[in-house]
Amino acid sequence: MGYNICIRGTTSPLWEKKIFVGKVNEFTLKNVSKDNFIFGIQAVDLDGNESLIVIPLPGR
């Protein structure tokens, strides 16, 4: 069905926000500094089941 972008502050132990972006290969978050947050990707199936959150490696 698509993907969530998961966001948390660099000092937060928990994910603070999920943004469903649909079935896409790219997505740009506007007005969000990569220096202040950690980002993760999560797959979502048709029933709403969510995968584990994966943190992408830099440069990929």
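Values below: every heavy atom of this structure, side chains too, minus hydrogens, waters and symmetry copies. Each residue takes its place number in the sequence, starting with 1.
Looking only at side-chain heavy atoms (C-beta outward), M1 and F20 come within less than 4.5 Å of each other. The closest side-chain heavy-atom distance from R8 to K17 is not below 4.5 Å. Put simply, the side chain of V44 reaches to within 4.5 Å of the side chain of N4, judged on heavy atoms.
Expressed to the nearest 0.5 Å, how far CD1 of I53 lies from CD1 of I5 amounts to 12.0 Å.
The two residues Q42 and C6 have their closest heavy-atom pair at OE1-SG, 3.9 Å.
Under the side chain to side chain contact (heavy atoms under 4.5 Å, CB included) criterion, V54 pairs with no residue, sequence neighbours left out. With sequence neighbours excluded, the residues forming a side chain to side chain contact (heavy atoms under 4.5 Å, CB included) with N49 are D45, D47, listed by chain and number.
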Let me have the donor-acceptor pairs involving side chains of residues 24-41, under 3.5 Å, with sequence neighbours excluded, atom names and distances please.
unit_1, atom_1, unit_2, atom_2, d
S33, OG, D35, N, 3.2

